[in-house]
Amino acid sequence: MATSCTPAINLPRLSHHQKPVSATVNIDRSLLLQLDQCSDFSQLKQIHARMLRIGLFDDPYSASKLIQAAALSHFSSIEYAQKVFDRIPHPNLYSWNALIRSYASSQEPINALLIFIKMLCESDELPNKFTYPFLIKASALLSALPVGKGLHGMVLKSEFGSDLFVLNSLIHFYAECGCFDMAYRVFLSMQKRDVVSWNSMIMGFAQGGYTEESLDLFRRMEGENVKPNDVTMIGVLSACAKKLDLELGRSMHLYIRRNGIKETLILNNAILDMYTKCGSREDAKRLFDEMEEKDIISWTTIIVGYTRAGDFNAARSVFRTMPYQDIAAWNALISAYVQNGNPKEALATFNELQLRKKAKPDAVTLVCALSACAQLGAMDLGGWIHVYIKKHGIKLNCHLTTALIDMYSKGGALEKALEVFHSVESRDVFVWSAMIAGYAMHGCGRDAIDLFLKMQEAKVRPNSVTFTNLLSACSHSGLVDSGRDFFNQMEPVFGVVPGIKHYACLVDILGRAGNLEEAVDVIENMPISPGASVWGALLGACKLHGRVDIAERACSNLLELEPQNDGAYVLLSNIYAKSGRWDKVSELRKLMRNYGLKKEPGCSSIEVNGNVYEFLVGDNAHPLSKNIYLKLDEIASRLKSIGYVPMKSQLLQLVEEEDVQEQALNLHSEKLAIAFGLISTSPSQPIRIVKNLRVCDDCHAVAKLISKLYNREILLRDCYRFHHFKEGSCSCMDYW
DNA sequence: GTAGGGTTAG
């Protein structure tokens, strides 16, 4: 009989042939024993070769042992395991499980699921109680909710519907996917729960921000006589840290000591983290000094603790003394600088990182660096980082995409921001929101609204930030009706409850357009108490429309909330000045002096050849100061020759300057920066300037004229929006 | 003969 051409029939017979092989007991056992004891990769390869020679490989049991060693030992290589696996004629379930398990904890957990599908298609094996936890773990790592749900369904139809391990992995899976109700439902449905069930649920709740539920569960667990262990306490501490409850955290620390819970490195790190998050630098330091074993996480955590306490010197010195600065430690420093509004120091540290070449910047580093560039408007450097990302093949995740869009938008290159936006496949709510913000700050209100509509087509749910950006887009473009409509839709249509920021935007939209009565009406009917930003928006509108009556009320409310708000005094003083009430102006000045308040000095920065230069009012610290002032004189005389009259009333913005000089207007920081830009950049380049305050009327008018007289584009970002000066006019259409 | 839960940086 010619059986050779019908392997499908031959295959089952092979297993019969294997019997004699496994009957060679002596060689068999010793080799398998060696496999168990094998401690490195080369030994493994030798055993593999011997197994091939004696045909042991055809025995599924022996083969499974080899797979286990190849896939799961400490020297394992998943590629090798896969190759071995592919040569096994009939892998048994144990082998499938070993391979699936190995992939489930690999870099590409998706392969665990693919191998599972292969198993279902190509073998007669069915998943058992060991298979499911691996598959569910892979789904959790992938946050693949539909996959996990499908597996859950299979589990329920199988005989493992009440298996403790399977259900525990489901709790973890649902929590990981953010389905806390499902996780809890599985938890409640269990007939028997062990410490892992409780731990998974406690950690799930803690990470989902349900701190009360988490802590409640911890108390109930004791009532049900399940003894908490070190992992339990990590979850509980995470909840304390999220709650910022130092006292509770301390009591948990005590609980750990009293109950003899094993103080593992990870647990100590969690306690350390709790202390730093709850703001107790002292407790953190004490524990840190006590810890016998420390790892990179301990060091990073204490650095973060010091930066949160504002002690950058201490953070730096810990950083210097730690045994090895990995990228997370660098990131901790850099991100702390970024978040504390010190982008220059952030970039200096980023620079240092690259010079030392000890650690490689990762996506987080680049997000931080880009955010620093965005704050500074340092587009050259930001663009360089973009090139770096491309060159190193770093994939754009949503964080990076958002950071790039933000950097380009704030640097004035809206087109580049759009390029990035369109180039990526996945866009989460932050990516969309950042792009809407980009349109908003450039005064493209219509485009922002269009994008918002496209976002809905893409089925991405807007959040509170999205609406802040959308409303500010309406404000910058004077889209009063759209703004009002969107605001009214927020809660009923999108389920986003308007917060202070949204009310401030609405007041700004209405007030800016001159509907001051309606704006006041909105404030009076707010369900939450109007914060400083709301009164500030109203005050700003009063300045624009010269409404002294409402301004006084807005200002006094604002100062009640923020007595130190120098901007409020300045604005009100401007309003008085505009209506000629000099008595009130000097009264305000006196008041400010009595309170020891000073107007925040104007500061403009400009990036030239990758360096960021800052100018303060009347600054002459720059090496080219002399040339800058010569240029300013030249500008002044050219402006005069075409009949420009400086807006002297704007001088009143400089409240703190008692002895205002004749040239004071000319010394505004943005003018210095523009003059410097004119002499130090090539005529084809636009001049990009970032100012910390709002641009004044005179500087705005002068910039328009310079853009025409010198045929130069000027991109000026003030603390509020972009002004794109070109051929004598500004993109804001003088509406700002 | 195999398993499940954990801390840091945006």
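Scope of the values below: all heavy atoms of this structure, side chains included, with no hydrogens, waters or symmetry mates. Residue numbering restarts at 1 for every chain, and letters A, B, ... go by the order of the sequence lines.
- With B:dG6, B:dT8, B:dG1 as the choices, the nucleotide that has an atom nearest any side-chain atom of A:V231 turns out to be B:dG6.
- Using a 4.0 Å heavy-atom distance criterion, A:N268 is classed as making no nucleic acid contact.
- For A:Q339, a side-chain nitrogen or oxygen approaches OP1 or OP2 of B:dG10 to under 4.0 Å.
- The side chain of A:S335 contributes an N or O atom lying less than 4.0 Å from OP1 or OP2 of B:dG10.
- The residue A:N397 sits close to a base: some heavy atom pair falls under 4.0 Å.
- Rounding to whole angstrom units, NZ of residue A:K242 and P of B:dT7 are separated by 9 Å.
- A:S371 comes within 4.0 angstrom of no nucleic acid atom, judged by non-hydrogen atoms across all strands.
- Within residues 101-108 of chain A, the residues that place at least one heavy atom under 4.0 Å from DNA chain B are, in residue-number order, A:R101.
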Throw together a table of side-chain donor-acceptor distances under 3.5 angstrom for residues 326-337 of chain A, partners on residues two or more places apart or in other chains.
{"from": "A:D326", "atom 1": "OD1", "to": "A:A328", "atom 2": "N", "distance (Å)": "3.2"}
{"from": "A:D326", "atom 1": "OD1", "to": "A:A329", "atom 2": "N", "distance (Å)": "3.0"}
{"from": "A:N331", "atom 1": "OD1", "to": "A:T365", "atom 2": "OG1", "distance (Å)": "2.7"}
{"from": "A:N331", "atom 1": "ND2", "to": "A:I327", "atom 2": "O", "distance (Å)": "3.4"}
{"from": "A:N331", "atom 1": "ND2", "to": "A:D362", "atom 2": "OD1", "distance (Å)": "3.1"}
{"from": "A:S335", "atom 1": "OG", "to": "A:N331", "atom 2": "O", "distance (Å)": "3.4"}
{"from": "A:Y337", "atom 1": "OH", "to": "A:R316", "atom 2": "NE", "distance (Å)": "3.4"}

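- Interface remark: the A:T402 side chain does not form any donor-acceptor pair with the B:dG10 base, using a distance-only criterion of under 3.5 Å.
- Note on A:N97: a base of the nucleic acid sits closer than 4.0 angstrom, heavy atoms only.
- Note on A:Y61: a base of the nucleic acid sits closer than 4.0 angstrom, heavy atoms only.
- Among the protein residues, A:A328 comes within range of the nucleic acid bases, having at least one heavy atom under 4.0 Å from a base atom.
- Side-chain polar atoms of A:T131 and A:N97 form a donor-acceptor pair below 3.5 angstrom.
- Counting to the nearest Å, the P atom of B:dG6 and the CG atom of A:L267 are 14 Å from each other.
- An OP1 or OP2 oxygen of B:dG6 is reached within less than 4.0 angstrom by no side-chain nitrogen or oxygen of A:Q207.
- Put simply, CZ on A:F430 is 11 Å from C1' on B:dG10, counting in whole angstrom units.
- Listed nucleotides: B:dA9, B:dG6, B:dG10. Nearest to the side chain of A:I234: B:dG6.
- The aromatic ring of A:F165 stacks onto the base of B:dA3, its centre lying under 5.5 Å from the centre of the six-membered base ring with the two planes under 30° apart.
- For the residue pair A:S298 / A:D295, a side-chain donor-acceptor distance below 3.5 Å is found, with atom types taken as modelled.
- Side-chain proximity of A:H172 to the nucleotides B:dT8, B:dG6, B:dG10 is greatest for B:dG6.
- Ranking B:dT2, B:dA9, B:dG6 by closeness to the A:Y94 side chain, first place goes to B:dT2.
- Rounded to whole Å, atom C1' of B:dA9 lies 15 Å from atom CD1 of A:I302.
- Among B:dA3, B:dG6, B:dT7, the nucleotide with an atom closest to any side-chain atom of A:I297 is B:dT7.
- Counting any heavy atom pair closer than 4.0 Å across all strands shown, A:S238 reaches no nucleic acid atom.
- When each of B:dG10, B:dT8, B:dG1 is scored by its nearest atom to the side-chain atoms of A:N92, the top-ranked nucleotide is B:dG1.
- We find that CG of A:L93 is positioned 12 Å from C1' of B:dG1, with the value rounded to whole Å.
- Between A:Y388 and A:H392, the two ring planes are parallel [angle under 30°; tilted spans 30° to 60°].
- Put simply, NZ on A:K65 and CG on A:L31 are 12.5 Å apart, with the number rounded to the nearest 0.5 Å.
- With B:dT2, B:dG6, B:dA9 as the choices, the nucleotide that has an atom nearest any side-chain atom of A:K277 turns out to be B:dA9.
- Rounded to whole Å, atom C1' of B:dA9 lies 13 Å from atom CG of A:L353.
- No hydrogens or angles considered: nothing links the side chains of A:Y184 and A:E213 as a donor-acceptor pair under 3.5 Å.
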- How far apart are the C-alpha atoms of A:Y324 and A:W299, what are their side-chain angles, what is the distance that settles it, and do they pass the ring pair (Phe, Tyr, Trp, His ring centres under 6.0 Å) test? CA-CA 9 Å; A:Y324 168 72; A:W299 287 95; over 10 Å; no
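- A:N340 places its CG atom 15 Å from the C1' atom of B:dA9, with the value rounded to the nearest Å.
- Atom CG of A:L272 is separated from atom P of B:dA9 by 12 Å (rounded to the nearest Å).
- Interatomic distance, A:L142 CG to A:K137 NZ, rounded to the nearest 0.5 Å: 12.0 Å.
- Geometrically, A:K294 engages A:F288 in a cation-pi contact, judged by NZ or CZ lying under 6.0 Å from the ring centre and within 45° of the ring axis.
- Within the 4.0 angstrom heavy-atom criterion, base atoms lie near A:D194.
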